[in-house]
Amino acid sequence: MTARTAIARTNLYLALGCIAFALMLAFLWIPLDTNSGLIEKVRRQVTIGDALAPTLAAFMIGLGGVLVLFQGRGAAQDGIGGRNLGFLARLLAGIAIAFALMRWTGPGVVWLAGLVSDQELTYRALRDTAPWKYLGFLTGGSFLIAALIAAVEGRVTGRTVVIAVCAVLVLIALYDLPFDDLLLPPNGDV
């Protein structure tokens, strides 16, 4: 078996794994884990259902698998080695830090504000009020996007940070501002 065949087989396994995972998400996990459909209409009011976001994620994973499956057979690629594993480790570390920032920035800032103001402040009471509800999503999301761009480019630039912050602000404008009853992550679990 040549290196090219091994790479083609690796891509085939990756593609089929992504497609199978997407199908499992869409047809097993999401229906068993959510209480509503993709879009809910109650008393002439249309809202996003619990299943919409994970179904879109499953679709994107499946689409990625299909694209890998049908990609052209371009230049030969190296097999999985130390550089690949190092890249994966940096990527996973960046994602872990971003999730920690997303989860703990809001409660941490509220705790500090409570110390400074001598008031009994709790994040749970403030998690749906501006600016508190945006703190974790903005810091964690911006860090995540900047870390992913930096991992691909191999460096962090001011442009990377601006793109990351602007992308998260667009997400906030699309997902939070139009809906009164939507909590940005991780506020629903805090």
Side-chain angles (χ1 to χ4, degrees), residues 1 3-42 46-81 83-103 136-138 140-153 163-164 166-176 178-179 181-190:
M1 178 165 44
R4 189 181 220 51
T5 307
I7 297 306
R9 185 170 289 182
T10 303
N11 283 350
L12 175 67
Y13 293 153
L14 175 65
L16 293 177
C18 287
I19 293 167
F21 183 64
L23 291 171
M24 189 270 307
L25 281 175
F27 294 110
L28 291 175
W29 189 352
I30 295 169
L32 293 174
D33 193 43
T34 58
N35 295 328
S36 67
L38 300 177
I39 297 174
E40 295 293 311
K41 187 174 182 180
V42 179
V46 178
T47 60
I48 293 175
D50 294 338
L52 182 63
T55 301
L56 289 176
F59 173 77
M60 296 304 281
I61 293 169
L63 179 63
V66 169
L67 291 175
V68 170
L69 186 64
F70 292 112
Q71 77 179 2
R73 305 289 186 241
Q77 304 168 2
D78 292 335
I80 296 175
R83 289 184 64 199
N84 302 106
L85 295 176
F87 177 80
L88 182 61
R90 287 190 307 275
L91 199 66
L92 293 175
I95 291 169
I97 292 169
F99 284 167
L101 284 170
M102 191 173 282
R103 170 64 179 88
F137 191 77
L138 185 62
S142 297
F143 184 88
L144 178 63
I145 294 170
L148 292 174
I149 293 172
V152 171
E153 291 182 345
I163 288 170
C166 288
V168 173
L169 290 174
V170 167
L171 288 173
I172 289 171
L174 290 175
Y175 284 103
D176 184 61
F179 305 103
D181 58 346
L182 185 73
L183 290 175
L184 291 171
N187 294 335
D189 297 329
V190 179

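A distance of 9.0 Å separates CD1 in I61 from CE in M24, rounded to the nearest 0.5 Å. Atom CH2 of W29 and atom OG1 of T34 lie 12.0 Å apart (nearest 0.5 Å). In this structure, CG on L144 lies 10.0 Å from CD1 on I149, to the nearest 0.5 angstrom. Summarising the geometry, atom CG belonging to L85 is positioned 10.5 Å from atom CZ belonging to R90; distances are rounded to the nearest 0.5 Å. Residue I30 holds its CD1 atom at 9.0 Å from CG of L56, rounded to the nearest 0.5 Å. Note that CG of L16 is 6.0 Å distant from CG of L69, once rounded to the nearest 0.5 Å.
Annotation for C18 and G65: closest pair CB-CA, 3.8 Å, computed over non-hydrogen atoms. When all heavy atoms of A147 and G94 are compared, the pair lying nearest together is CB-CA, 4.5 Å. In this structure, G140 and L101 approach most closely via the heavy-atom pair CA-CB, 3.9 Å. Contact between A164 and S142 at its shortest, heavy atoms only, is CB-O, 3.3 Å. Of all the heavy atoms in P31 and A26, the pair that sits closest is CD-O, 3.4 Å. Between A15 and V68, the shortest heavy-atom contact is CB-CG1, 3.9 Å.
Put simply, the side chain of L138 reaches to within 4.5 Å of the side chain of L169, judged on heavy atoms. Side-chain contact between F137 and L171 is present, with heavy atoms from C-beta onward closer than 4.5 Å.
Remark: M60 CE is loosely packed, at most 12 non-hydrogen atoms of other residues, nucleotides or ligands lying under 6.0 Å away.
Scanning for side-chain contact (heavy atoms from CB on, under 4.5 Å) contacts around V66 gives I19, F70, with sequence neighbours left out.
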